[in-house]
Protein chains: 2
Amino acid sequence: MDKGRKITINDVARLSGVSKGTVDRVLHNRGEVSKESRDRVLRVIDELGYRPNIYASLLASRRQHKIICVIPEYMPGEFWELTERGLVKGGEYAADYGIEVKTVKYDQYDLESFQQACSRTLEERPSGVIIAPLFRTETFRFVSELKSRGIVYMYIDSKLEDDSYLAYFGMPMYQSGYLCADLLTDGRKVRKVHVIRIARDKKGLSDPTVTRRAGFMDYMSEHYPETEIENVFIDPKDASAVRSGLDRLFSEEPDPHKYLVMFNSRVHLVADYLREHGIVTCRVVGFDVLERNLTALKDGFVQLLIGQHADSRTEDAVVAMTEWLLLHKPIARKDNYTQMDILNRYNCDYYLQQ
Amino acid sequence: MDKGRKITINDVARLSGVSKGTVDRVLHNRGEVSKESRDRVLRVIDELGYRPNIYASLLASRRQHKIICVIPEYMPGEFWELTERGLVKGGEYAADYGIEVKTVKYDQYDLESFQQACSRTLEERPSGVIIAPLFRTETFRFVSELKSRGIVYMYIDSKLEDDSYLAYFGMPMYQSGYLCADLLTDGRKVRKVHVIRIARDKKGLSDPTVTRRAGFMDYMSEHYPETEIENVFIDPKDASAVRSGLDRLFSEEPDPHKYLVMFNSRVHLVADYLREHGIVTCRVVGFDVLERNLTALKDGFVQLLIGQHADSRTEDAVVAMTEWLLLHKPIARKDNYTQMDILNRYNCDYYLQQ
DNA sequence: AAATTTTCCGTGACCGTTCACGGAAATATG
DNA sequence: CATATTTCCGTGAACGGTCACGGAAAATTT
C-alpha cells in the first residue's frame with residue numbers, strides 16, 4: 001500500500017476531475033456536491049486507497065472539542081478514583097489532539113446533585129459526553145437532551161437500554177457474579193455462603209451490582225442448590241455498624257471456616273475486620289482493585305479479587321471518543337465488555353503497572 | 001495552560017528577537033546558533049511554556065521511519081501468531097504517523113535462518129527494531145551492530161541482559177511459574193505432579209520457559225516439599241509420540257486424578273489426549289491463550305490458563321517505539337512486565353475481544 | 001425572456017512547523 | 001589590507017489538509 005509517495009487529496013482531485021475543495025466536501029459530507037461528482041470522487045478514493053493525513057487535517061482544522069465525563073464524586077481510594085485516573089490518562093492523549101477533557105462530578109446518593117451536574121455539563125457545550133448512569137430516569141432525560149443537541153455520548157460502568165449511545169465500556173455484570181460464585185466455591189461443596197451487602201436507601205438509583213448478584217445466585221442454584229445463602233447487611237459509612245454486623249455473624253455461627261463474598265468494591269471492610277480479629281480461616285472473594293483491597297489480598301484476608309481495569313476502560317472511552325470526534329473513525333465495537341481479571345496474591349503485583 | 005490562542009514558534013521567535021528558523025535550530029539542537037541566541041530562545045520557550053505543535057511538525061518533517069520486528073515464523077494458531085496480530089494493530093497506528101512496520105521472520109530452530117533474518121533487517125535500514133531474542137549469542141551480536149548504527153531496539157517476550165535496549169515487553173517468567181504452581185495445587189496437598197515437557201535439541205537457544213519452570217519448582221519446594229514432580233517428555237511434532245508418551249503416563253500410574261502442567265503454549269496437546277480418552281479427572285494448567293487452548297478450557301479438559309495478552313504487548317511496543325521515533329517521547333517504563341491473566345471457563349469469553 | 005434563486009464548484013489564504021538556500025557579519029588566512 | 005573561511009541567521013517554499021468566499025451554470029420564478 002505504501003508505494004513511494006503518499007496519496008494526497010490533490011491526487012484524488014486530479015484523478016476525479018474536480019478540485020480539492022470538492023474532495024474535501026465529499027470527505028466530510030458537507031453537501032454542495034452533485035451526485036455524479038460525489039460518486040466519482042468516492043470511487044477514486046477507494047481505488048487509490050486514499051487516507052487523509054490526520055496531521056494536515058488537524059493542523060488546518062480550527063474546531064475546538066471538549067469532552068465532559070460525568071461520574072460520581074469519591075473519597076481517595078474509592079472505586080471511582082480508578083475511573084478518573086483513566087480519564088486523566090485519556091485526557092493527556094486527547095490533549096495532544098487539542099481536545100479538552102473535563103470531569104463533572106455528582107453525589108451518587110443525591111438526585112438533585114446529579115441534575116445539577118447534567119446542566120453544568122450542558123453549559124460547557126461539549127462535543128461529547130461520557131457518563132456513568134447511576135440515576136436511571138434522570139439519565140434518560142439527560143441523554144435525550146444530549147441527542148437533541150447533537151452531542152454524542154458513551155456509557156461507562158453500566159448502561160441504559162436506549163440505543164443512541166455511541167459505545168459502552170463496562171464489565172459484564174451478570175457474568176462477573178457467575179464467575180465470582182465459581183471462584184468462591186472453588187469446586188467444593190459449601191454448606192453456607194454469606195453475602196455481605198450494603199444497606200442503603202436507593203430512590204431511583206440503578207445499582208449495577210443487582211445484576212451481579214443475580215449471576216451469583218444463578219450459578220449457586222445451578223451448581224449447589226443445597227447451599228444456604230445468607231445476606232448480612234452493613235452500613236459502610238458507620239465503622240461501628242460494620243463491626244457489630246460482622247460480630248453478630250461470627251458469634252451466631254460457630255464455624256470459623258466461612259465463605260464470604262461482597263459484590264461491590266468494599267471487601268476491604270470485611271478484610272479489616274478479619275485482620276483485627278486474626279481470622280484467617282475464611283474464604284473471601286471480592287471485586288475491584290482498590291489499594292485497600294490489594295493490601296487485603298496480599299495479606300491473605302481476601303483470597304481472590306475480580307478486577308476490571310476500570311482505569312484503562314475509561315481511557316479507552318476517551319480515546320474512542322477522541323478518534324470519533326476528530327477523525328470520525330467508526331467505533332470498533334459498540335458494547336465493550338471488559339475482561340474480568342482474576343487476581344490472587346501471586347499475580348496482583350503486575351496488575352497495576354499496566 | 002490553554003489561554004486562548006496557542007503559543008507558536010513565531011511567538012517565541014518574536015520575543016527572543018530571532019527568526020523562527022533559529023528557534024527551530026535551537027529546538028532540534030541542529031547547531032549553527034550562537035550561545036547568546038540559544039540561551040535567549042531557551043528562556044523565552046520556558047517562560048511562555050511553548051510546546052511545539054506535533055501536527056505541524058509531523059506534517060513538515062520529511063523523514064521516513066521504518067520499524068522492523070524480528071520474530072519466529074509460525075503455523076496458524078501457534079503462539080507467535082498472537083504476537084504478530086499485535087504487530088499488525090500497532091502497524092495501523094504507526095501508519096497514521098507515516099511509519100511503516102514490517103516483520104522479518106526466522107525459523108526458531110535454525111540459527112542460520114536467524115542470522116539471515118538479522119542481515120535482512122539491516123538491509124531494510126530501519127529506524128527501530130523489535131526483537132524476540134531466542135538465540136542468545138547471535139542476538140547479542142545483532143543488537144551491538146544495531147547500536148553501532150544508531151538503530152534503537154526493544155525486546156519482546158524475553159530479554160537479554162545488555163542495557164542498551166529501549167524497552168522490554170514481556171511476561172515475568174519466573175513469577176508465572178510460581179503462580180502456575182499455586183493454581184495447579186490450589187491449596188490442596190498433592191502427592192504427585194506431572195510436568196509435560198517438549199523434547200528438543202537446543203543449541204544456543206535461550207528457552208524462556210526454563211525460568212518459568214524454576215519459579216514453579218521453587219513454589220513447590222517452598223510449599224509442598226514432599227510432592228513428587230515427574231517430567232514427561234513428548235515431541236510436539238510427532239502426534240503418535242505425544243500419544244505414546246501420555247499412554248505410558250496413564251498406564252504406568254493407576255491414579256486417574258492427575259495433576260498436569262505444561263510450561264509452553266502447547267497444553268492443547270494434552271487436552272486432545274484427554275478428550276480422546278474421555279478423561280475428565282485431571283487438573284490441568286497451561287499457558288497462553290491460543291484458540292485450541294481456549295477450546296480445551298471451555299470443554300473442561302484444561303482447568304486454567306495463564307494468559308498474557310501477547311498481542312497487545314507487541315502493540316504497546318510498536319506504539320512506544322513510534323512515539324519515541326517521532327516525538328522523542330520518553331519511554332514510560334523500561335521493563336514492562338505484562339500482567340498474568342488467570343482464565344477459566346467463565347471469564348475466557350471476554351478475554352479475546354479486548 | 002428576464003430576474004431570481006439554487007446548486008455546484010474552484011480558488012487561495014491559512015494552520016505551525018521543517019529545512020534548504022543564500023547571504024551578512026565575524027574571523028582567519030595570506 | 002584583500003581574500004577566504006567560518007559562524008550565524010533570516011527567508012520562503014513546502015507539507016496536506018480546511019473552509020470562507022465568490023462566481024458560473026442550472027433551475028426556478030415572475
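Side chains included, hydrogens not; waters and symmetry mates left out as well; all remaining heavy atoms used. Chain letters run A, B, ... following the sequence lines, proteins first, then strands; residues in each count from 1.
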Original post:
Rounded to the Å, how far apart are B:Q64 CD and C:dC19 P?
Top reply: 13 Å
**OP:** Round to a whole Å and report the spacing from CG of B:N10 to P of C:dG16.
**Re:** 8 Å
Original post:
When you match A:L27 and A:E32 each to their closest nucleotide on DNA chain D, which lands nearer the 5' end?
Top reply: A:L27
Original post:
What nucleotide among D:dG17, C:dG16, C:dG10 has an atom nearest to a side-chain atom of A:V18?
Top reply: C:dG10
**OP:** Tell whether B:K20 reaches the base of D:dG10 with its side chain through a donor-acceptor pair below 3.5 angstrom.
**Re:** no
**OP:** Mind calculating the distance between CZ (B:R40) and P (D:dC9) to the nearest angstrom?
**Re:** 8 Å
Original post:
Between A:S57 and D:dG16, is there a side-chain N or O to OP1/OP2 distance below 4.0 Å?
Top reply: no
Subject >> Out of C:dT17, C:dC9, D:dC9, whichever nucleotide has its closest atom nearest the side chain of B:A56 >> reply: C:dT17
Original post:
Rounding to a whole Å, what distance do you find between B:E36:CD and D:dC8:C1'?
Top reply: 11 Å
**OP:** Quickly work out the B:L58 CG to C:dC19 C1' distance and round it to whole Å.
**Re:** 15 Å
Subject >> Closest listed nucleotide, where the reference is the side chain of A:S19 and the choices are C:dG10, C:dC15, C:dC9 >> reply: C:dG10
Original post:
What residue among B:I68, B:V101, B:I67 forms side chain to side chain contact (heavy atoms under 4.5 Å, CB included) with B:P126?
Top reply: B:I68
Original post:
Who passes ring pair (Phe, Tyr, Trp, His ring centres under 6.0 Å) against A:W324, sequence neighbours left out?
Top reply: A:H328
**OP:** Whole angstrom is fine here: how far is it from CG in A:L326 over to C1' in D:dG17?
**Re:** 13 Å
Original post:
Within the structure, does a side-chain N or O atom of A:S61 lie under 4.0 Å from either OP1 or OP2 of D:dG17?
Top reply: no
Original post:
Does a nitrogen or oxygen in the side chain of A:T8 sit under 4.0 Å from OP1 or OP2 of D:dG16?
Top reply: no
Subject >> Value in whole Å for how far the P atom of C:dA20 lies from CZ of B:R30 >> reply: 8 Å
**OP:** Determine whether any donor atom in the side chain of B:R51 lies under 3.5 Å from an acceptor atom in the base of C:dG16, or the reverse, and answer yes or no.
**Re:** no
Original post:
Any side-chain N or O of A:S34 less than 4.0 Å from the OP1 or OP2 oxygen of C:dC9?
Top reply: yes
**OP:** Figure out the CG/P separation between B:N53 and C:dT17, and round it to whole Å.
**Re:** 5 Å
**OP:** Might you point out which heavy atoms bring A:L134 and A:T139 nearest each other, and give the distance in Å?
**Re:** N-OG1, 4.5 Å
Original post:
Does B:D162 come within less than 4.0 Å of B:K147, counting only side-chain N to carboxylate O?
Top reply: no
**OP:** Tell me, please, which residues at least two apart from B:E78 pass side chain to side chain donor-acceptor pair (under 3.5 Å).
**Re:** none
Original post:
Are any of B:S37's side-chain N or O atoms less than 4.0 Å away from OP1 or OP2 of D:dC9?
Top reply: yes
